[in-house]
Amino acid sequence: MTKEIPKAYEPQLIEQQWAQRWVDSGLFRAEESADGPVFCIVIPPPNVTGYIHIGHMLEHTQIDILTRWHRMSGHRTLWLPGMDHAGISTQVVVERELAKQNLTRQQLGREEFERRVWEWKAKSGGTIKKQMIRLGESVDWSRERFTLDPPLYRAVLEAFLRLYKQELIYRGRYIINWCPRCLTALSDLEVVHEERQGSLWFLRYPVVGSNENILVATTRPETMLGDTAVAVHPEDERYKQLIGKKARLPLMNREIPIVGDAAVDREFGTGAVKVTPFHDPNDFELGRRHNLPEIDVMTEDGHMLANAGPYAGLDRFDARKRIVEDLKAQGFLDHVENHPHSVGICDRCKTVVEPRVSTQWFCKMSPMAEVAMKAVADAKLSIVPDNQRKIFLDWMANIRDWCISRQLWWGHRIPIWHCKKCSTMTPAVNSDVEMIDGHARAASPPKACGKCGSSDLEQDPDVLDTWFSSALWPFSTLGWPDDTPDLRTYFPNSLLISGYDILFFWDAKMVMLGSRLTGRIPFPELYLHSLVRDEHGQKMSKMRGNVVDPLDWIEKYGTDALRFTLAIKAAPGSDISLSEEGVLGYRAFANKIWNAARFLYVNLDKFEAGGDTIDQLASPESRNSAPHRADPELPLVDRWIFSRLARVVPKVSQALREFRFHEAAHEIYHFFWGDFCDWYIEWCKPRLNSENREAARAAWRNIFAVYEAALRLLHPFMPFLTEELWHQLPQPAGARSIALARFPETPAAWLDEAAETDVALIQEITGASRALRADLKLEPKRKVSAELFISDPAKRKLIQDQIDPLSRLAILSEVSFAAAPLNTEGGQVRSVAQFEIRIISAETVDIPAEMARLRREKERLEKDIASKERQLNNETFLSRAPAEIVTGLKTTLTERQVELRKALERIAQIENSAGGSATA
RNA sequence: GGGCGGUUAGCUCAGUUGGUUAGAGCGCCUGCCUUACAAGCAGGAGGCCGCAGGUUCGAGUCCUGCACUGCCCACCA
């Protein structure tokens, strides 16, 4: 950076260029980082056909901050990137594309459909990667993985076969959630419940052999076609005499038993329930207890079957209307009540889910859940924030088996072969995969049926739930089941960061399957980040139209600004409200950093004219060896800024260790803007251009040292800007990137309480002077004299030594010191306990404004003093409170009393001047 | 039906073991284009910390109840 420095920071100019250079040079390959302790984190793999949304951006920002921080702290660092094939989502998307051409997957057939999905993946699958590169994420692209890559496919087969042999995976006929649109089974997690206004229909079922009816209530009348019983509570006085009798099913004219079962809730509806084992989970359980037939009345795509008689072929909801009409017409409908209830819908396509009995594959969870719970109890796995830990444990404790088979075509096909002769299942010989048409398949089908020896075998048509392969991600990406160097080095991972919305889908599965298959908890720490909402805290959704495309904002404000915004808002445990104005504020911060650099270089040009060069003033040796820092004669402000830095760096590190990104970002923001720009630079200005060449040199060396350290401190948060500016400084030979530089290390010896206290006093005096100037409406440039009284003689000496910067900061031409407290009659005075200051000028004071200010102050002080006096008069307080609290309170009280006295004097003086104008 | 969280300045939110005048960003008011930065500088205004009790010398912070609000889990037909 030399003469031509743009006044405003323009991120677009530099970000793209650095992003590309980082990737091209392989900067983030794990091998490029230091050879220290290992830090490894895997990306929560985004859907390969998706794009980066603001939630990813938050997640990736947090991961990248930690990754860069560890890399700079001397760790051997790997952030492993990759994508998920995302079975059902991807298939739904491709099916929608086909639908535009009036095609269905069934028309294409399995092979062709799969080919189309691969095509789609090839076309849209690069988006995420491009975006991640654009965002400058420090991932190791040489280790990029995809869940359908052959090695990962093999890991899935291996995992399946092992669990199958351990009887943790089984096949069975149970009631599951079925999506009539996707035509597949879903896990419980993939069904979301929505409260909807529905009806409760009360139906009369005639009791056979009597004139009685039994009244049942239902929210889904169409299922009555498949009723195989009516159930009542066995101790229900109203109905127990009917148990063992039969009811006649209306419309179907079929006799069904009336059974007693304790699961029936006597309070609900009529206390009698129609039982449809095929189409309702409760009824399914009840039906198996009573050996009831399971009658299917619906096709897989939600139409009525032939056995539904006159309703055959109707859509399930049309059938509902017709059935209700018919029941009413035939006198079987007693009445209808409004009944809000929750309806299960497919998470992916929002179709109402239909429970149905089906043969599926399941994974037995409880043994693995026990291990997971123990890991948490033994602190082998810590979950942050803490309330998520409880949610995790609660879920584990109530875990149910996981339906892992999907009737999809996009995914890992189950490595089991069915004998066409005897139906026996035989697993693949091993987990080997082979490439067919560029993608992987099980390569070792069994030669013959394990039971009858027939070679007429057919592979199970189902694929695995996409989360099955994701569950293996922390180790499948590193070469498992082989014992690879990467697996040995990077597994278990150091940490996992994910959104809390996939805690059960993904995180929990990794812990369970990971520990089962590898014998180790895949990561010792799990941080669950919050979700991003709009500026009013509303969930972002297409319907609300409040979805933010991060790339839009990046175009406008830069990646660094958006990253910083996300970081500074990311307090653990609560969601983030994101607004464009907020990002604007941190773009301003980026601009501030840019302009601080600009200040240095613009002034340096002048200084260099005297013979010094930046290579001497900002050389790495000068910055790092820094003998000037140890100098006891170091100017106060330098001692102060190094002390501040030494306070901020450990706070930032500690905050990052605890995932308190907002705290880390706040510390950095206020250090850079408040301490460095507002005070340090302003204070240094005269010294940097001092006639005393040696003093100026020292000033330059120090300001560069602080500035360069600040860049490294900022780098994990604002990688592009800091990279750009860092390269403008002299760097050691061969230095490639600030990303490989060391995170600042600040010796405790830099801490300097005295300097901080002294600077605080000067800042206060400066502030009081500026306030006085504002009261007097003095033009900013006009220099005036001031009179200063300092109660503490030692402090007075200090101020005398620092008179030049003080004058400059407060724009004073001269400061004279008073030996006694200032007479209140001499004009505009500001006083606090430690000092009093008067600006000497002929300007008229705004009397009403000044009185208003004084009255506010008086009121505040009186209130405060009263409360403190009350406390100090309280015997119990004096005897029980810690001594330091008591003495502190006493000191403060004395100060407040002094301030109050001064304020009262001032008020009296103004009032006595009989409405005349007070002049200074 | 269970569980979890939120309620602090006009807005969005921090506030780590209870302790002396409760903070930030944005917004607002006043004055400044002071050659690093108007995406800036300086000075200000603005808060019964949801309500009611309780514990304590002392509560935004701990406990109980209530109100409102958001989320998660759950097979109430």
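Here is the naming used below: chain letters follow the sequence lines, and residue numbers restart at 1 for every chain. All values derive from a computational prediction rather than experimental measurement.
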May I ask you to say what [X] touches in the nucleic acid, namely base, sugar-phosphate or nothing, with a heavy-atom cut-off under 4.0 Å?
X      : result
A:S579 : nothing
A:E663 : base
A:H193 : nothing
A:H279 : nothing
A:R773 : nothing
A:P355 : nothing

Donor/acceptor link under 3.5 angstrom from A:T892 side chain onto base of B:U20
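Yes, the side chain and the base share a sub-3.5 Å donor-acceptor pair.
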Interatomic distance at [atom1], [N] relative to [M], whole Å:
N     : M     : atom1 : result
B:G65 : B:C4  : P     : 12 Å
B:C51 : B:U7  : C1'   : 11 Å
B:G27 : B:G1  : P     : 45 Å
B:A9  : B:A24 : C1'   : 11 Å
B:G25 : B:C33 : C1'   : 24 Å
B:C32 : B:A38 : C1'   : 10 Å
B:G10 : B:C49 : P     : 12 Å
B:A77 : B:A14 : C1'   : 48 Å

Next on the checklist: Looking at A:H666, I'd like to know whether one of its side-chain N or O atoms comes within less than 4.0 Å of OP1 or OP2 on B:C13.
Outcome noted: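 For A:H666, the contact criterion (side-chain N or O under 4.0 Å from OP1 or OP2 of B:C13) is not met.
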B:G6, OP1 or OP2 - any side-chain N/O from A:S574 closer than 4.0 Å?
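It does not, given that no N or O in the side chain of A:S574 lies less than 4.0 Å from OP1 or OP2 of B:G6.
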Base-pairing assignment for [N] (Watson-Crick or G-U wobble, both under 3.5 Å):
N     : value
B:C76 : none
B:A24 : B:U12
B:C49 : none
B:G70 : B:C4

**Prompt:** What about A:F392 and A:F504, are their ring centers closer than 6.0 Å?
**Reply:**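 Centroid separation for A:F392 and A:F504: 6.0 Å or greater.
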A:H662 ring center within less than 6.0 Å of A:F564 ring center |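 Not close enough - the centres of the two rings lie 6.0 Å or further apart.
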Indicate whether any N or O donor in one side chain lies under 3.5 Å from an N or O acceptor in the other, for [X] and [Y].
X      : Y      : answer
A:E667 : A:Q654 : no
A:S187 : A:E190 : yes
A:D261 : A:H290 : yes
A:N595 : A:K592 : no

For A:H335, give me all partners under side chain to side chain donor-acceptor pair (under 3.5 Å), at least two apart in sequence or on another chain.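 A:H335 satisfies side chain to side chain donor-acceptor pair (under 3.5 Å) with A:E337 only.
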In whole Å, I'd like the distance from the [atom1] atom of [X] to the [atom2] atom of [N].
X      : N     : atom1 : atom2 : result
A:F505 : B:C72 : CZ    : P     : 11 Å
A:R533 : B:U69 : CZ    : C1'   : 12 Å
A:Y669 : B:G23 : OH    : C1'   : 14 Å
A:K890 : B:G19 : NZ    : P     : 21 Å
A:R870 : B:G58 : CZ    : C1'   : 12 Å
A:F504 : B:G3  : CZ    : C1'   : 10 Å
A:F564 : B:C26 : CZ    : C1'   : 15 Å
A:I576 : B:G5  : CD1   : P     : 19 Å

Closest to the side chain of A:H662, out of B:G5, B:G19, B:G15, is B:G15
Whichever of A:E899 and A:Y586 has the more 5' nearest nucleotide on RNA chain B, that residue is A:E899
Next on the checklist: Pick the closest RNA chain B nucleotide for A:K390 and for A:Y500 by heavy atoms, then say which residue is nearer the 5' end.
Outcome noted: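 Closest to the 5' end, via its nearest nucleotide, is A:K390.
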Letter by letter from the 5' end, nucleotides 29-44 of chain B scores (B base, S sugar-phosphate only, - none; protein heavy atoms under 4.0 Å) ---S-B-BBSBSSSSS
Open item on the list: Ring-plane angle category for A:F661 and A:F659, please: parallel below 30°, perpendicular beyond 60°, tilted otherwise.
Closed with: tilted
Determine yes or no for a side-chain-to-main-chain donor-acceptor pair under 3.5 angstrom, with A:D280 supplying the side chain and A:T276 the backbone.
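Side chain of A:D280 to backbone of A:T276: no pair is present.
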query = Can you tell me how far CG of A:D534 sits from OG of A:S577, rounded to the nearest 0.5 angstrom?
reply =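 Taking OG in A:S577 and CG in A:D534, the distance rounds to 7.0 Å.
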Evaluate A:Y586 against A:Y669 for ring-ring contact (aromatic ring centres under 6.0 Å, His included), listing each step before the verdict.
CA-CA 9 Å; A:Y586 298 103; A:Y669 182 93; 5.6 Å; yes
- request: Scan residues 259-269 of chain A against RNA chain B and write down, sorted by residue number, each residue with any heavy atom closer than 4.0 Å; if none is found, say none.
  value: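 Contacting residues: A:V264, A:D265, A:F268.
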Tell me whether the NZ or CZ atom of A:R288 lies within the 45° cone about the ring axis of A:Y174 and under 6.0 Å from its centre.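 Yes, A:R288 sits over the ring of A:Y174.
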